[in-house]
There are 2 protein chains.
Amino acid sequence: MSRKTFQRLSLDVRRRSLMEATLTCVARHGLHGASVRRITEEAGVTVGLVRHYFGSKDDMIRNAYAYLVGQLTAQASESARATEGTPEAKLASFLRANMTKPNMDEETVSLWATFIGRVRHDPGFAEIHRDGYREFLNVLEILIEPVLIQHGCPYSVTICRNHAIALNGLIDGLWMEGALNSGLYAQDILPDLITGAAERLLDLPAGALSAPDIALQSTQHPTQQSKPS
Amino acid sequence: MSRKTFQRLSLDVRRRSLMEATLTCVARHGLHGASVRRITEEAGVTVGLVRHYFGSKDDMIRNAYAYLVGQLTAQASESARATEGTPEAKLASFLRANMTKPNMDEETVSLWATFIGRVRHDPGFAEIHRDGYREFLNVLEILIEPVLIQHGCPYSVTICRNHAIALNGLIDGLWMEGALNSGLYAQDILPDLITGAAERLLDLPAGALSAPDIALQSTQHPTQQSKPS
DNA sequence: ATTGAAATTATTCAATTGTATAACAGTGTG
DNA sequence: CACACTGTTATACAATTGAATAATTTCAAT
C-alpha cells in the first residue's frame with residue numbers, strides 16, 4: 001500500500017486550485033454541503049492542505065468568495081474597456097455583458113447568492129461584499145458620466161451616483177432572476193430589455209444605447225469628447 | 001430527573017412555530033449552521049418533532065422557504081391594495097413599501113439570498129421560487145397597466161410584461177443591496193430613488209409617482225378611470 | 001549524489017450531524 | 001375517572017464534520 005504520489009505546486013497555483021474547488025463545491029452542494037473533504041477531493045488533494053494554505057475552512061471560503069467577486073467585477077469592467085467607440089457603446093457593452101454568458105451564469109448566481117446570505121453575520125464577508133459593490137458602482141459611474149454629459153442631461157456627482165445605484169440595482173435584479181431562468185420568459189430578451197430600460201433610466205433618447213451598430217459608428221463619429229490634437 | 005413539561009399544540013401552530021424557528025436559525029447561522037438541534041431549541045421543543053411534523057430536516061426547510069416567500073409577496077401586495085387612490089399612488093406605494101421596513105429588512109434579505117442559492121440544485125426550491133416570482137410579476141403588471149393607459153403610453157401585453165420584468169429587477173436589486181446596507185449611501189434615499197427611477201423606466205412625466213401627496217389628491221382627482229355612476 | 005526544508009499525505013480525535021426508536025405524558029372521550 | 005390516542009420527550013446510533021498531529025515525499029540547493 002503506497003502513498004499517493006503528488007506534485008509540489010507553487011503557493012499561488014495551489015491556493016487558486018483550492019479556491020476554485022471550493023467555489024465548485026459551494027455552487028453544487030451549498031455552504032452546508034461543501035465539506036473540507038469534498039472540496040479537497042475536488043481539488044485532487046488531501047484534507048491537510050486546507051490547514052496548510054488557509055488557517056481553517058472558514059478562511060478558505062472567505063478567500064474563495066473574494067476571489068469570485070474579484071473575477072466578476074474584473075470580467076464586467078473588461079468587457080466595457082475592450083469595447084472601443086462612443087461612451088454609449090461602452091455602456092451598452094457593459095450592460096449586455098451582464099445579461100449574457102459567461103457573466104450571466106446560473107452557477108455563478110447561485111454562488112453569489114449563497115455568499116450574500118452570509119454577509120450579514122460574517123464581518124469578513126461583509127467587507128468583501130462592500131468592496132465589490134463599491135468597485136461596481138465606481139465602474140458604472142465612470143461609464144455613465146460621459147454619456148450624460150454628451151446628451152446634455154442634467155449632471156452632478158449626486159445625479160451620477162444615484163443613476164449608478166439604480167442601474168446597479170437593475171443589473172443585479174435582472175442578472176439574478178434571469179440567470180435562475182424560472183422559465184417565465186426567454187433569457188435572450190434580456191440584453192435588449194436592459195439597454196432599453198437603461199436608456200429610459202438615464203433619460204436618453206430612445207435608441208441611444210440600443211442602436212444595433214453604435215460600436216461601428218463610434219470611431220469616426222464627431223460626438224466624441226473633442227480632442228484638439 | 002423529571003421530563004420536560006410540554007403542551008400539545010395544534011398541527012398548524014406547531015408547524016408554523018417550527019418553520020419560523022427554522023427561518024430564524026437559517027438567517028442567523030446560514031443553512032449549514034441551522035441544525036435540527038438548534039432549530040428545535042429555538043422553537044422550544046425537542047428534535048423528535050421534526051420527524052413527526054415534517055418527514056425530514058430538508059422537508060422542513062423547504063416548507064419554511066415557501067412560508068417566507070408567501071409572506072413576502074403577501075406583504076408587498078397588501079401594501080399596494082391598502083393604498084386608496086390613483087393607480088400612480090398604488091404603484092408608488094408598492095415601490096416604496098419594498099424600500100422600507102418591514103419589507104426591506106436585512107435579515108429577510110439574508111434569508112432570501114441563502115435560499116436563492118439552493119434554487120439551482122434543489123427542484124423543490126426551484127418550484128417555490130418560480131411560483132413566487134410569477135406572483136410578483138403578476139402583481140407588478142396589474143399595477144403598471146392602468147398607469148400606462150392613463151398616461152397614454154404605448155401599451156401592449158408585451159410592453160407591460162417587459163416593464164414588469166425590468167421594474168422587478170430594479171426592485172430586487174435595490175432591495176438586496178439596500179438592505180445589506182454596505183454603508184456606501186444612506187438607506188433612506190431609496191424610496192425617492194426608486195420612484196424617480198420607475199417614472200423614467202415607464203416613461204411617465206417627472207413627478208408622476210414622486211409627488212408628495214398623490215395619495216391625497218386621489219379620491220376626487222378627475223384623472224381616474226371614468227366611472228359613470 | 002546528498003541534504004534539508006516544507007509541501008503533501010495519512011491518520012486520529014472529539015464534536016456535531018440527521019435520523020430512528022422507545023418511553024412518556026398531555027388531552028379529549030367514554 | 002379510566003381509557004386510549006398521539007403529541008412529545010428522551011436516548012441511541014452511525015455517519016460526517018473540522019481540526020490537529022505525525023509520517024512521508026518531493027524538489028531545489030549544494
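- Rounded to an integer number of Å, the gap from CG of B/D59 to P of C/dA20 is 12 Å.
- Residue-to-nucleotide contacts include no donor-acceptor pair under 3.5 Å from the side chain of B/R51 to the base of C/dT19.
- Contact between the side-chain N/O atoms of A/H52 and the OP1/OP2 oxygens of C/dA7 is found at a separation under 4.0 Å.
- Here D/dT6 presents its P atom at 17 Å from CZ of B/R15, a figure rounded to the nearest Å.
- In terms of phosphate contacts, B/T46 brings no side-chain nitrogen or oxygen within less than 4.0 Å of OP1 or OP2 of D/dA10.
- Of the N and O atoms on the side chains of B/S182 and B/E177, not one donor lies less than 3.5 Å from an acceptor on the other residue.
- For the pair B/I39 CD1 and C/dT16 P, the computed distance is 16 Å after rounding to whole Å.
- Side-chain contact, A/H129 with A/R134: no donor N or O sits under 3.5 Å from an acceptor N or O.
- When rounded to the nearest whole Å, the span between NZ of B/K57 and C1' of D/dT17 equals 13 Å.
- If you check distances only, the side chain of A/R3 never reaches the base of D/dT25 with a donor-acceptor pair under 3.5 Å.
- If you take OH of A/Y53 and P of D/dA20, they are 18 Å apart, rounded to a whole angstrom.
- Nearest-nucleotide assignment on DNA chain C puts the 5′-proximal partner with B/V36, out of B/Q7 and B/V36.
- The CG atom of B/L49 sits 13 Å away from the C1' atom of C/dC24 (whole-angstrom rounding).
- The residue among A/V50 and B/G48 whose nearest nucleotide of DNA chain D lies closer to the 5′ end is B/G48.
- Side chain B/R37 to base C/dG18: a donor-acceptor pair is found below 3.5 Å.
- Among D/dT9, D/dT8, C/dT9, the nucleotide with an atom closest to any side-chain atom of B/V45 is D/dT9.
- Between A/F94 and A/F136, the ring planes are tilted. Angles from 30° to 60° get that label.
- Between A/L9 atom CG and D/dT25 atom P there is a gap of 18 Å when expressed in whole angstrom units.
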